[in-house]
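The block underneath contains the structure these notes are about, expressed in structure tokens.
For ligands, and for the atoms within them, numbers begin at 1 and follow the listed sequence. In this chain, residues are counted from 1 in sequence order.
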Amino acid sequence: MTAPTRIGVLAVQGDVREHVHALECLRVQAITVRRPHELDELDGIVIPGGESTVMDKLVRAFGLQGPLRDRITAGMPAYGSCAGMIMLADRVTDATADQQTLGGMDITVRRNAFGRQVDSFEADLSVPAIRDGVAEPLRAVFIRAPWVEDVGADVEVLARVPESAEGAAAGKVVMARQGSLLVTSFHPEVTGDLRVHEYFVDLVRGA
Ligand SMILES: NC(=O)CC[C@H](N)C(=O)O
């Protein structure tokens, strides 16, 4: 029998439980991570939504920044949702003065991009990369979400806000991948649709 896939969920801040639940629904061993040594046995990690400024401070306070950067650089797959996407971005617009990220992905992300007045926004996304992702659009829930302003040459765009959406959000990149790193602006863990997590688990198993 092969060993079970072990995926960590960074558990310093944010909606950790929902990601643990989604991973367990996919029969993956989900492990909450607060200490550096907890990274050792992982096949991949999820960085949840929350507040990236707080998450960054706690990641540094818990001594996780260096070990996480090392593992990501060494190729450990990582999936960042919303604040997690900010954490995996090499560049952030509208960051606070002392805000740092883990980086790894050659993208520029704009924090709180959907507008300060609009706390949440929903859209049906066509995502050809996921199972039935064209026939059955993915309902995406955005909560004070960032979007991707700019992607490097090695980044694959997986989804955009539909061009028919109102305002500046139309056409913006909200799901992308670079090698073993995956990011979404939105929160698939709150809808019960497991296809994004399934895509990440497949990525981890293929890594
Ligand atoms: N739902 C979220 O993760 C919000 C992200 C938050 N606006 C930030 O800057 O980190």
Legend entry - atom 10 (O) of ligand 1 [closest protein heavy-atom partner, distance rounded to 0.1 Å]: S52 N, 2.5 Å
Legend entry - Rounded distance (nearest 0.5 Å) linking atom CG of L23 with atom CD of Q29: 11.0 Å
Inset, instruction - Nearest heavy atom to atom 4 (C) of ligand 1 wins, so pick from A83, G50, G14, S185. - result: G50
Inset, instruction - Report, as yes or no, whether the 6.0 Å neighbourhood of atom CZ on R60 holds more than 12 heavy atoms from other residues, nucleotides or ligands. - result: yes
Legend entry - Residue G49 vicinity, atoms of ligand 1 by number, heavy atom under 4.0 Å: 3 (O)
Legend entry - Which residue and heavy atom of the protein sit nearest atom 7 (N) of ligand 1, plus the separation: N112 OD1, 2.7 Å
Inset, instruction - Find all atoms of ligand 1 within a distance of less than 4.0 Å from any non-hydrogen atom belonging to I86, and give their numbers and elements. - result: 8 (C), 9 (O), 10 (O)
Inset, instruction - Using a strict 4.0 Å threshold on nitrogen-to-oxygen distance, state whether D106 and R91 make a salt bridge. - result: yes
Legend entry - Numbering as shown, the atoms of ligand 1 that approach C82 to under 4.0 Å (heavy-atom distance): 1 (N), 2 (C), 3 (O), 4 (C), 5 (C)
Inset, instruction - Measure the distances from the heavy atoms of H187 to every atom of ligand 1 and state whether one is below 4.0 angstrom. - result: yes
Legend entry - More than 12 heavy atoms of other groups within 6.0 Å of R205 CZ: yes
Inset, instruction - Keeping the roles fixed (side chain from S185, backbone from A145), state whether a donor-acceptor pair exists under 3.5 Å. - result: no
Legend entry - Taking atom 9 (O) of ligand 1 as the reference point, the nearest protein heavy atom with its distance: R111 NE, 2.8 Å
Inset, instruction - Please say whether I143 places an N or O atom under 3.5 Å from an N or O atom belonging to ligand 1. - result: yes
Legend entry - Identified side chain to side chain contact (heavy atoms under 4.5 Å, CB included) counterpart of V174 within the set V157, V161, L158: V161
Inset, instruction - With I86 as reference, evaluate Q99, E51, R110 under the side chain to side chain contact (heavy atoms under 4.5 Å, CB included) test and give the passing residue. - result: Q99
Legend entry - Subset of ligand 1 atoms that lie under 4.0 Å from at least one heavy atom of E51: 6 (C), 7 (N), 8 (C), 9 (O), 10 (O)
